[in-house]
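One structure is given below, encoded as structure tokens.
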Amino acid sequence: MTIMGVDLGELLKRKQIEIKDLSGRWVAIDAFNTLYQFLSIIRQRDGTPLMDRQGRVTSHLSGLLYRTTNLIEAGVKVAFVFDGEAPTFKAVTLAERSEIRDKAAWAWEEARAAGEDGFKYAQAASRINSEIIEDGRRLILAMGLPVIQAPSEGEAQAAYMAARGDVDYAGSQDYDSLLFGAPLVVRNLAITGKRKLPRKNIYVDVEPEVINLEVGLANLGITHKQLVEIGIMCGTDFNSGLERVGPKTALKLIREKGDLESILADRDDKIEDFEKIREFFLHPPVTDDYKIALKKPVPEEIVSFLVDERDFDPERVEKTAKRLEEVYRSGQSTLDHWF
DNA sequence: CTGCCGAA
DNA sequence: TTCGGCAGG
């Protein structure tokens, strides 16, 4: 499983798509997830992230600017959903992750001292802070894209917006959006392109993929609530799951016993707060306070922020800002703007 | 991750 | 024109 979220990939059918299949569609992207991915992927060869002259991390800004502009240019409209307050029962998971990152940071130091390749430790030590979040938000706004503030989990808010039909897809790297009830989830939107195979020096193309919740549930013959229970058994952002229970075993148990209460009673087992966690997935805190629309990008703000404050190359940034402006301009003159 | 530049 | 490798901040 990834560091974030439940891995239900082996239970649910994934449909490979191309970016152009998403042209004209709105995708609500989990901002934290995306920033984290850029931060861990965009690195120098020794594992150091990109930084300005003051040592402030800029990897995420590079990823956001170039990747998002390409998506927008391909006609994919993206809204970024930022996390609000984490539920209290997430504290344990967050503490565990923090410890993992501390260990990775230490391993990175060791590898560097020994003159070895510490890239994977550097990646694992990636840590989002409030400055990274705020810088990301600032750039997204300057690019004219919607920023939505979730009251709680961003994935939950994105799922809600997709369920309401205000966006077409929830975009995330993990499967939590499905547990939160997103009808359509698109994965690999931020990392499409090439991905390095572990321990090998070869790269494979990673195409985006779509998962349809309703179809997935029908194929498995289970309800949404049961899928949530499977997730909880495997472990989620909010609990560590049952010993030696993965997606396949969890599905089997659900089919046999029907619900998590019966499974736990049968095993004489327990999961802390499981009713609360299940309720959180089924009815998470969300807000209607959002507007999904492309605004005019502000090239001067993009340039002054990235070039003057973060030491980006003026030519590259100006060129990219112009591309964004051009997409907005041509979008204004087409009819689909009115729908 | 992406852009860019030089080699083929 | 395409491709691979390197730099980006």
Q: Name the closest nucleotide to the A:Thr58 side chain, picking from B:dC1, C:dG9, B:dC4.
A: C:dG9
Q. Could you give the CZ-to-C1' distance, from A:Phe312 to B:dT2, as a whole number of Å?
A. 11 Å
Q: Quickly work out the A:Glu315 CD to C:dA7 P distance and round it to whole Å.
A: 19 Å
Q: Would you please confirm or rule out a distance under 4.0 Å between OP1 or OP2 of B:dC1 and any side-chain N or O of A:Asn70?
A: no
Q) Are A:Arg45 and C:dA7 close enough that a side-chain N or O sits under 4.0 Å from OP1 or OP2? A) yes
Q) Is the Lys NZ or Arg CZ of A:Arg138 less than 6.0 Å from the centre of A:Phe305's six-membered ring, within 45° of the axis? A) yes
Q) Residues in salt bridge (Lys or Arg N to Asp or Glu O under 4.0 Å) with A:Asp313, at least two apart? A) none
(Q) Heavy atoms from C-beta onward define the side chain here; which of C:dG9, B:dC4, C:dG8 lies closest to that of A:Gln44? (A) C:dG9
Q. Taking the six-membered ring for Trp, are A:Phe180 and A:Phe280 parallel (under 30°), tilted (30 to 60°) or perpendicular (over 60°)?
A. perpendicular
Q: Would you indicate, yes or no, if B:dT2 has its OP1 or OP2 atom less than 4.0 angstrom from a side-chain nitrogen or oxygen of A:Arg67?
A: yes
Q) Counting only N and O atoms by type, is there a donor-acceptor contact under 3.5 Å from the side chain of A:Glu272 to the main-chain atoms of A:Asn239? A) no
Q: Measure from OH on A:Tyr66 to P on B:dT2 and round the result to the nearest Å.
A: 12 Å
Q. A:Arg43 side chain N/O closer than 4.0 Å to the phosphate oxygens (OP1, OP2) of C:dC6?
A. no
Q.
Tell me the interatomic distance from A:Gln37, atom CD, to B:dT2, atom P, rounded to whole angstroms.
A. 12 Å
Q: Find out whether the Lys NZ or Arg CZ of A:Arg137 is both under 6.0 angstrom from the six-membered ring centre of A:Phe82 and within 45° of the ring's axis.
A: yes
Q | Whole-Å gap separating P (C:dG8) and CG (A:Asp313) | A | 9 Å
Q.
What is the distance, to the nearest angstrom, from the CG atom on A:Leu61 to the P atom on B:dG3?
A. 16 Å
Q) How long is the line joining NE2 of A:His60 and C1' of C:dG8, in whole Å? A) 15 Å
Q) Taking CD1 from A:Ile42 and C1' from B:dG3, how many angstroms apart are they, rounded to a whole number? A) 12 Å
